Amino acid sequence: MNWEQIYIEVYNEQLNFQLEKNKEYGNFYLSPIGIFSKDQPKTRVLNRLDEKLGRVKQLGLDKELARDIVGCLMSWLALDYMEETNSPI
């Protein structure tokens, strides 16, 4: 397997991980409970990312946490794309 194929495999694993997580827990960024926070979706992503990076600082990085961080960044990119293309949320 070459480097490009490895990248594709890892990206596909991440995509499947993220889709399964969204199925299991719902999409927190688009459908928050909103009891205390009324932040916009991209701001919610950044808040979650701060929390995840705080965990890295305290506990170090492991595969699950790395996947969560990449998932946050993918969500931010997806929300940014939605804004740029005026896609409905």
Side-chain angles (χ1 to χ4, degrees):
M1 194 179 284
N2 66 34
W3 191 245
E4 185 177 310
Q5 291 167 322
I6 292 169
Y7 255 62
I8 291 168
E9 183 65 28
V10 171
Y11 276 105
N12 285 334
E13 284 181 14
Q14 178 65 31
L15 176 61
N16 290 331
F17 171 80
Q18 195 67 34
L19 293 174
E20 284 300 314
K21 200 168 187 178
N22 283 352
K23 233 187 262 183
E24 192 174 330
Y25 298 106
N27 191 326
F28 167 79
Y29 306 117
L30 295 179
S31 304
I33 297 170
I35 295 171
F36 295 111
S37 175
K38 307 293 185 215
D39 290 337
Q40 294 299 309
K42 283 172 64 177
T43 302
R44 285 194 287 273
V45 172
L46 296 176
N47 290 337
R48 292 286 291 172
L49 189 55
D50 277 349
E51 181 246 322
K52 302 290 182 192
L53 293 173
R55 285 177 46 201
V56 170
K57 186 176 178 182
Q58 281 187 326
L59 306 172
L61 186 62
D62 61 26
K63 187 174 182 176
E64 182 178 342
L65 188 49
R67 285 183 175 213
D68 283 344
I69 290 167
V70 171
C72 285
L73 294 171
M74 287 175 65
S75 294
W76 190 93
L77 288 169
L79 290 165
D80 190 63
Y81 174 84
M82 291 170 76
E83 284 180 4
E84 286 181 353
T85 60
N86 294 317
S87 298
I89 294 179

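Given the structure is predicted, the values throughout are model-derived calculations rather than measurements. Atom set for the values below is all heavy atoms of this structure, side chains included, hydrogens, waters and symmetry mates excluded.
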Chemist: When Asp68 is tested against each of Lys21, Arg48, Gln18 for side chain to side chain donor-acceptor pair (under 3.5 Å), which residue passes?
Modeler: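 Among Lys21, Arg48, Gln18, the one meeting side chain to side chain donor-acceptor pair (under 3.5 Å) with Asp68 is Lys21.
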
Chemist: Ignoring hydrogens and geometry, is there a side-chain-to-backbone donor-acceptor pair from Asp80 to Trp76 under 3.5 Å?
Modeler: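 No; zero donor-acceptor contacts below 3.5 Å.
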
Chemist: How many angstroms lie between CG in Leu53 and CD in Gln58, if you round to the nearest 0.5 Å?
Modeler: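 That separation rounds to 12.0 Å.
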
Chemist: Give, for atom CG of Asp50 and atom SG of Cys72, the distance between the pair rounded to the nearest 0.5 Å.
Modeler: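 Between Asp50 CG and Cys72 SG, I get 9.5 Å after rounding to 0.5 Å.
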
Chemist: If you round to the nearest 0.5 Å, how far is CG of Leu46 from CD of Glu51?
Modeler: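 Reported value, rounded in 0.5 Å steps: 13.0 Å.
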
Chemist: In this structure, which one of Val56, Val70, Leu59 forms a side chain to side chain contact (heavy atoms under 4.5 Å, CB included) with Leu65?
Modeler: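 Exactly one candidate clears the test, Val56.
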
Chemist: Please list every donor-acceptor pair under 3.5 Å in which a side-chain atom of residues 2-11 meets a protein atom from a residue at least two apart or in another chain.
Modeler:
from	atom 1	to	atom 2	distance (Å)
Asn2	OD1	Glu4	N	3.0
Asn2	OD1	Gln5	N	2.8
Gln5	OE1	Asn2	N	2.8

Chemist: Within this structure, what is the CG-NZ distance for the pair Leu73 and Lys52, rounded to the nearest 0.5 Å?
Modeler: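 That separation rounds to 12.0 Å.
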
Chemist: When you measure from the side chain of Thr43 to the backbone of Asp39, do you find a donor-acceptor pair of N or O atoms at a distance under 3.5 Å?
Modeler: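 Here the side-chain-to-backbone pair does not exist.
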
Chemist: Quick one: pull up NZ in Lys42 and CG in Leu77 and give me the separation to the nearest 0.5 Å.
Modeler: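 If I round to the nearest 0.5 Å, the distance is 9.0 Å.
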
Chemist: Rounded to the nearest 0.5 Å, what's the gap from CG on Leu19 to CG on Leu15? Could you check?
Modeler: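 Here the rounded value is 4.5 Å.
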
Chemist: Apply side chain to side chain donor-acceptor pair (under 3.5 Å) to Gln14 and list each qualifying residue two or more places apart in sequence or on a separate chain.
Modeler: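 Result, side chain to side chain donor-acceptor pair (under 3.5 Å) vs Gln14: none returned.
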
Chemist: Got a sec, which residues hit ring pair (Phe, Tyr, Trp, His ring centres under 6.0 Å) with Phe17, two or more places apart in sequence or on another chain?
Modeler: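 Expected list: none.
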
